[in-house]
Amino acid sequence: MTLIFAHRGYSAQYPENTMLAFTEAEKAGADGIELDVQLTKDGEVVVIHDESVDRTTNGKGNVKDITYNALKKLDAGYKMKTLLKKEPIPLLREVLEWLSGNRMVCNIELKNGIFPYDGMEEKVIELVRQYKLSDRIILSSFNHYSIVTCYRQAPEIETAPLMGQVMYMPWIYAESIRAKGIHPKYKGLTDDIIQQSESYGIVVRPYTVNKEKDMARLMKLGCSAIITDDPVRAIKVRQRTARP
Ligand code: G3P
Ligand code: CA
């Protein structure tokens with residue numbers, strides 16, 4: 001069965017990368033969540049997609065230049081006028097605390113492709129170990145050097161390189177960097193790559209799949225998971241998509 005990971009939480013309906021989006025993903029029946037992490041000026045691991053707070057909050061500036069004390073006052077739900085209360089940028093620690101009370105899988109994407117965030121891997125790994133969640137976490141990044149650093153520091157935690165473009169025999173590449181899976185962009189991903197990779201033992205979790213037709217195709221091909229903004233739609237598709 002293809003697992004359904006809610007991309008930045010249930011971001012089709014709730015403000016991305018907020019506790020509200022994560023708890024609603026669980027209520028909707030998603031098997032897991034995907035989230036993005038950056039580091040604040042004082043080195044806290046926070047859950048936000050962009051390097052800057054400008055797009056998703058009512059603040060301005062780069063996360064790396066803002067202390068956590070200042071950052072926590074921002075509202076990551078400010079665009080959604082129907083919300084009755086503020087939705088702060090969560091600490092990774094807060095999400096892990098919540099995860100320790102349920103059975104969801106969590107894909108943590110390290111956003112260290114633009115700013116290198118020295119020490120980010122150690123910080124994330126320390127938190128995952130502290131909450132004893134190593135067997136329910138997948139660490140991913142577009143920065144594959146960081147993926148290797150994660151594997152070296154914590155071989156017990158699963159890793160998966162993100163791939164924005166199709167590459168040649170990605171299952172061989174994944175194995176060479178000791179990753180258990182690949183997270184490719186779904187566009188351009190051929191049937192052959194999915195099937196060869198999965199049968200080689202390298203799981204495929206394409207992102208970000210929001211159309212029913214694409215969801216159904218990837219499920220029929222046997223992807224281990226899909227990453228979607230709309231877990232409710234994906235669950236409906238899964239219910240009616242029997243694998244041959
Ligand atoms: O993890 C898949 C996906 O989240 C990667 O792209 O830009 O949405 O973080 P992005
Ligand atoms: Ca992401």
Side-chain angles (χ1 to χ4, degrees), residues 2-19 21-22 25 30-39 45-57 62-64 76 79 89-92 95-96 99 104-117 120-121 124 128 136-147 150 157-167 170 173-174 177 179-189 193-194 197 202-211 214-215 218 223-231 233-234:
T2 301
L3 298 183
I4 293 161
F5 287 7
H7 182 241
R8 311 182 195 173
Y10 187 171
S11 60
Q13 292 290 340
Y14 300 93
E16 67 177 60
N17 282 322
T18 60
M19 284 310 304
F22 301 140
D31 304 291
I33 55 167
E34 185 269 357
L35 57 82
D36 307 283
V37 294
Q38 310 262 355
L39 289 192
V45 187
V46 286
V47 182
I48 178 167
H49 180 272
D50 300 359
E51 284 67 29
S52 118
V53 300
D54 298 18
R55 178 180 61 86
T56 55
T57 80
N62 282 332
V63 176
K64 73 175 180 58
K79 279 186 190 160
I89 296 171
L91 282 165
L92 178 61
V95 181
L96 298 180
L99 281 168
M104 293 193 100
V105 178
C106 177
N107 170 203
I108 302 174
E109 181 187 346
L110 281 71
K111 282 285 186 202
N112 48 7
I114 294 180
F115 300 127
Y117 290 128
M120 179 184 245
E121 295 90 351
V124 170
V128 171
R136 277 198 279 142
I137 298 287
I138 301 149
L139 300 174
S140 68
S141 182
F142 284 104
N143 177 347
H144 297 184
Y145 283 90
S146 179
I147 289 292
C150 288
I157 306 176
E158 202 175 307
T159 57
L162 275 156
M163 294 170 179
Q165 281 184 333
V166 182
M167 60 160 36
Y173 172 67
I177 60 166
K180 294 271 190 297
I182 53 172
H183 291 187
K185 188 170 179 166
Y186 82 93
K187 280 188 187 160
L189 190 61
I193 288 178
I194 295 168
S197 186
I202 297 292
V203 303
V204 185
R205 302 185 192 96
Y207 73 92
T208 304
V209 193
N210 290 329
K211 291 192 185 122
D214 298 320
M215 291 173 174
L218 297 168
C223 285
S224 286
I226 59 164
I227 302 173
T228 177
D229 295 334
D230 195 337
R233 183 178 296 160

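All ligand and atom numbering here is 1-based and tracks the order in the structure. Note that this is a predicted model, so its numbers are computed, not measured.
- In terms of N/O distances under 3.5 Å, ligand 1 is approached by E109.
- For ligand 1, the atoms lying closer than 4.0 Å to a non-hydrogen atom of D36 are 9 (O).
- The Ca ion (ligand 2) sits nearest to atom OE1 when only the N, O or S atoms of E109 are considered.
- With hydrogens and angles ignored, the 3.5 Å screen pairs a side-chain donor or acceptor of S141 with a backbone N or O of L110.
- Residue contact annotation: K185 has no non-hydrogen atom under 4.0 Å from ligand 1.
- Atoms of ligand 1 found under 4.0 Å from any heavy atom of R8, numbered from 1 in the order shown, are 7 (O), 8 (O), 10 (P).
- The closest approach of D36 to the Ca ion (ligand 2), by N/O/S atoms, is made by OD1.
- Here the shortest heavy-atom distance to atom 7 (O) of ligand 1, taken over H49, E16, H7, belongs to H49.
- Looking at L3 and S224, their side chains never come closer than 4.5 Å, going by heavy atoms from C-beta outward.
- Here the CZ atom belonging to R233 is positioned 10.0 Å from the NZ atom belonging to K211, to the nearest 0.5 angstrom.
- Look at E16 and R55 and you find a salt bridge, because one of the NZ, NE, NH1 or NH2 atoms lies within 4.0 Å of a carboxylate O, short of that distance.
- Tested against Y186 for a side-chain contact (heavy atoms from CB on, under 4.5 Å), the candidates I194, N210, L218 yield a single pass: L218.
- Between the CD1 atom of I193 and the CE atom of M167 there is a distance of 10.0 Å, given to the nearest 0.5 Å.
- Comparing Y207, Y186, F142 against atom 2 (C) of ligand 1, the shortest heavy-atom distance belongs to Y207.
- When each atom of ligand 1 is checked for a heavy atom of E34 under 4.0 Å away, the hits are 1 (O), 2 (C), 3 (C), 4 (O).
- One distance of note links OG1 of T18 with OH of Y10; it measures 13.0 Å at 0.5 Å rounding.
- Between H183 and ligand 1, a contact under 3.5 Å exists for no N or O pair.
- Summary: OE2 is the N/O/S atom of E34 found nearest to the Ca ion (ligand 2).
- Separation of atoms CG (N112) and CG (L39) is listed at 8.5 Å; rounding is to 0.5 Å.
- Close contacts between ligand 1 and K111 involve ligand atoms 7 (O), 9 (O), 10 (P) [criterion: under 4.0 Å to a heavy atom].
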